Each structure stands twice: as C-alpha cells, then as structure tokens.
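One structure below.
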Amino acid sequence: MKILYFAWLRERVGTGEEDVTLPDGISTLAGLIAWLRTRSPGHEAAFAAGKLVRAAVNQDFATPDAHVANGDEVAFFPPVTGG
Amino acid sequence: MKILYFAWLRERVGTGEEDVTLPDGISTLAGLIAWLRTRSPGHEAAFAAGKLVRAAVNQDFATPDAHVANGDEVAFFPPVTGG
Amino acid sequence: MACIRVQTRDIDVGAELAAVSAGRTDIGGVASFVGLVRGTAAGRPILSMTLEHYPGMTERAMTGIADAATRRFQLQACTLIHRVGELHPGETIVLVLAAAPHRQAALDGCAFLIDWLKTSAPFWKKEAFLDGTSAWVDARETDDLAASKWSSIEIA
Amino acid sequence: MACIRVQTRDIDVGAELAAVSAGRTDIGGVASFVGLVRGTAAGRPILSMTLEHYPGMTERAMTGIADAATRRFQLQACTLIHRVGELHPGETIVLVLAAAPHRQAALDGCAFLIDWLKTSAPFWKKEAFLDGTSAWVDARETDDLAASKWSSIEIA
C-alpha cells in the first residue's frame with residue numbers, strides 16, 4: 001500500500017511517500033499507525049504528535065477505526081491551514 | 001432657493017432644476033411642498049405620490065418638519081434604487 | 001483610505017483590487033461584491049438600464065457609508081464605485097471592496113457596504129424593455145430589511 | 001459550473017471574474033474573497049510562505065465544497081483557486097468567487113466557501129521568518145468555529 005506524508009509529518013518521517021506491505025492481522029488505520037511507529041525514530045516522532053495527526057484513506061478523511069487493506073492509498077498530515 | 005428633481009419626479013415636473021423665491025410665511029419642507037404643488041399640474045402629479053417622495057435639504061436627507069430658507073438647496077426624489 | 005467614485009465608464013475590478021493592496025503587506029483579505037445588469041426584470045427582457053444620481057449628495061452619502069464601515073469593521077481600505085448612465089445586460093453596475101487583516105471583517109464590511117449602498121445612496125434605475133416600454137425601478141422592501149439588520153446588531 | 005484550480009502562478013482576479021460572467025445575462029451579483037500573504041505572523045516579519053497540498057485529494061475536497069455551496073445557495077457559478085509553492089508578502093494565496101441572481105446568496109456562498117476552504121481543504125502553510133527560522137502554521141480554532149456556524153444553520 002502507498003503511504004503519503006505531508007507538512008511536518010513528511011519532514012519528521014524523512015520522506016513524502018513509501019510503499020509498504022501491510023503485515024497480517026492489521027486491518028484498521030489505528031493498527032497501521034501503531035505498526036508504522038515502529039519503523040524508525042522518524043516515524044515515531046511524527047506519530048507521537050497524536051491528536052494533531054489527521055489521516056485520509058483513498059483521499060477521504062478517515063478516523064482510527066477506518067478499514068485499511070493492501071492497495072489502499074493512506075495519507076497522514078497535520079490539521080489543514082490553507083486559505 | 002434651488003429646487004432639484006430626480007427620476008420620475010423630474011419627468012413629472014418637466015425639469016430637473018428650478019430657482020424659486022420662498023414666499024413669506026413658509027419655513028418648513030412640508031410648507032414648501034404644499035406651495036410647490038400649486039405651481040403646475042406637473043408639480044401636482046409629482047407630489048401626489050405622497051409617501052413615495054423623499055427629500056434632501058442641502059444634500060442631507062430631510063423630514064417634512066425640516067427648516068428651509070432661501071439659499072438652501074432642496075431636492076426631491078423617489079426611494080433610492082442603486083447598487 | 002476610502003476610494004469613492006461615480007463614473008460612466010466600465011469598472012476594472014482587477015485594477016481596483018490591485019490598487020487597494022499595492023505596496024502593502026498588512027492586508028490579509030479583500031472581500032468584494034460586483035453587481036451586474038440582469039437581462040430580465042420580473043421575467044421581461046431588458047434592453048438597457050439607465051442610472052441617475054444626485055451629483056454632490058451621492059458622493060457625500062457614499063463617503064459617509066465608507067467611513068462608517070471603516071470604523072465599524074476596522075477596515076484597512078475600502079472602495080465604492082458606482083456607474084451611472086445607460087448600461088446593458090451583463091455590464092457591471094457597482095463594485096464594493098473591503099480590506100482587513102482577517103477575512104471575517106472583510107466579508108462583513110463588504111456585505112455592510114453593499115446593503116447600505118442599495119438603501120441609502122441616491123441612485124435611481126430606469127429599465128427599458130425590449131417591447132419599447134420603460135419604467136423606474138421600485139425600491140424593494142427586502143433591501144431595507146437587509147440594511148436594517150446592521151442597525152439592530154449595532155444596538156445589541 | 002464550478003472552476004477548481006490549484007496553481008503556482010499568480011491569480012488574475014479580473015480575468016477569473018470576467019470568465020464567470022462571460023456571455024451571461026442571468027447573474028445579478030458576484031461576491032469574492034481574495035486572501036493575501038501578510039508581512040508578519042504574531043508580530044514577526046515574514047520572508048516567505050510555502051504552501052503544500054495533496055494532489056488529487058485537494059482538488060476532490062475543493063470540488064465537494066463547491067458542489068455543496070452551489071446546491072445550498074443556488075449559485076450560478078463558483079470559482080476556487082488556491083496557490084501552492086513559495087509566496088511572498090503581499091501576494092495572493094486564494095480566490096473564491098460566488099455568482100447568484102441576488103446579492104445575499106452570492107455573499108453567503110462566498111463566505112461559506114472561504115470558511116470551508118480554510119478548515120477542510122488539504123493545504124498546509126510553512127512560514128519562513130526574516131531571522132532565518134521557519135515553522136509550520138498551526139490550525140486556528142477560530143477557523144473551525146467559523147466553518148461550524150454553517151453546520152448549525154443547516155441543522156436549524
């Protein structure tokens with residue numbers, strides 16, 4: 001699955017995009033985040049911001065209980081600040 | 001004093017501007033209107049619209065009890081419809 | 001910082017907007033309203049619309065409205081341009097611009113200015129219809145209501 | 001009738017406004033909001049501001065907002081243009097246009113669009129200060145409140 005990072009999440013993780021294979025047993029956004037945090041200190045630093053991290057699954061805003069599967073595009077970013 | 005007419009008041013009176021000398025004893029806008037109505041059938045037709053006539057004395061919106069004197073600029077017009 | 005004009009020529013909205021913010025970096029937002037001549041009135045096709053004003057008093061009224069909006073919404077700049085003379089469907093009648101550090105003041109200032117301009121500035125419209133007739137436009141009660149909402153907020 | 005764009009180049013407000021009303025005589029008013037880069041943030045001088053977006057999702061979100069506004073305010077046309085990349089103080093960040101037969105719908109549609117654009121479209125701003133430091137802009141609670149007032153009206 002494709003994982004995208006924006007703004008300061010991108011800077012902390014160190015990349016804007018990575019391709020990962022979802023481990024068996026993970027099927028929710030919350031599970032995906034818990035697993036991604038273990039991938040590097042940068043990932044851990046990005047997700048440590050907790051409540052300030054927003055997510056989208058296949059370009060729709062998503063909550064932690066959202067279903068995720070290989071083939072999905074999942075993005076993580078801070079609260080939006082455009083306009 | 002200078003009297004100005006705008007929009008359909010101008011069309012009914014037949015002129016946009018006239019110079020008049022205020023007769024003795026008239027000192028309010030209401031008195032001026034009563035006198036102007038007697039000047040021609042066109043004036044009468046213009047002021048017959050009654051509540052639809054607005055007025056300004058020296059370029060400020062004015063009510064019937066407003067004081068008027070020779071030297072003033074008095075204008076009559078319908079409710080505004082700009083914008 | 002108010003720009004007030006009554007003119008027969010067309011209004012260049014881009015140029016007016018640029019003029020408001022030229023050389024400044026303190027403005028956060030500019031809200032605007034552009035009024036256009038519609039092709040029909042109460043379903044009847046219009047050939048043209050002629051706008052008349054009261055030279056002198058009209059500009060004074062517009063200046064008064066601009067000053068009131070500037071004080072009330074702490075505007076950094078505002079522009080009121082109203083056309084007069086004969087206009088045709090699709091043409092611009094009026095432009096209002098309100099600039100402020102943040103968007104809510106700019107949006108509110110713009111709405112205030114156009115509401116008051118419609119109810120308090122001495123302009124009169126006459127519509128010429130395609131069938132050869134013409135008629136002065138009647139003042140609309142909804143316009144007076146739109147302007148009066150600002151007064152009640154001011155008192156509250 | 002919605003025009004949605006994310007672009008790096010400057011926004012020509014006059015041209016976008018002309019495009020909305022070109023060849024039409026049914027539009028009575030066009031309300032707009034232009035957002036500009038201010039020269040300071042919390043009192044600190046800014047050198048530049050860099051805007052990032054999520055290609056694909058951002059345009060989808062903007063289209064969704066435009067469709068919602070069009071339905072809700074019966075807009076005849078609307079335009080949402082947001083810039084990305086490096087911008088400098090005084091430059092235009094965003095343009096919103098809302099066209100309707102009467103002014104209130106245009107004004108309300110415009111306010112709705114900019115409130116939602118600020119709270120729901122995936123854009124992120126980073127400010128570079130004159131002193132060499134830089135920081136991502138925090139989301140402001142007042143923006144969420146401005147957008148939420150529309151939801152409560154919808155329910156009422």
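Only a predicted model underlies this, so the values are computations on that prediction, with no experimental measurement involved. A, B, ... follow the sequence lines: proteins, then strands. Residue 1 opens every chain.
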Distance (rounded to the nearest 0.5 Å) between L97(D) CG and S32(C) OG
7.5 Å
In this structure, CG of L107(C) is separated from CG of D115(D) (nearest 0.5 Å) by 7.0 Å
Among I114(C), I46(C), V13(C), which residue has the highest count of heavy-atom pairs closer than 4.5 Å to chain D?
I114(C)
Please classify the contact of R24(D) with chain C as side chain, backbone, both or neither, using a heavy-atom distance under 4.5 Å.
backbone
Candidate list T25(D), I27(D), D26(D), test side-chain contact (heavy atoms from CB on, under 4.5 Å), partner L36(C), passing option:
I27(D)
Among T92(D), T40(D), V30(D), which has the most heavy-atom pairs under 4.5 Å with chain C?
V30(D)
Work out which heavy atom in G29(D) is nearest to a heavy atom in F33(C); give both atom names and the distance.
CA-CZ, 3.6 Å
Which of G28(C), A99(C), A106(C) touches chain D most, by non-hydrogen pairs under 4.5 Å:
G28(C)
Answer key: most heavy-atom pairs under 4.5 Å with chain C among A22(D), P101(D), A15(D) is P101(D)
Report the distance from atom CG of L17(D) to atom CD1 of I11(C), rounding to the nearest 0.5 Å.
10.5 Å
Segment of H102(D) engaging chain C (4.5 angstrom heavy-atom cut-off)
side chain
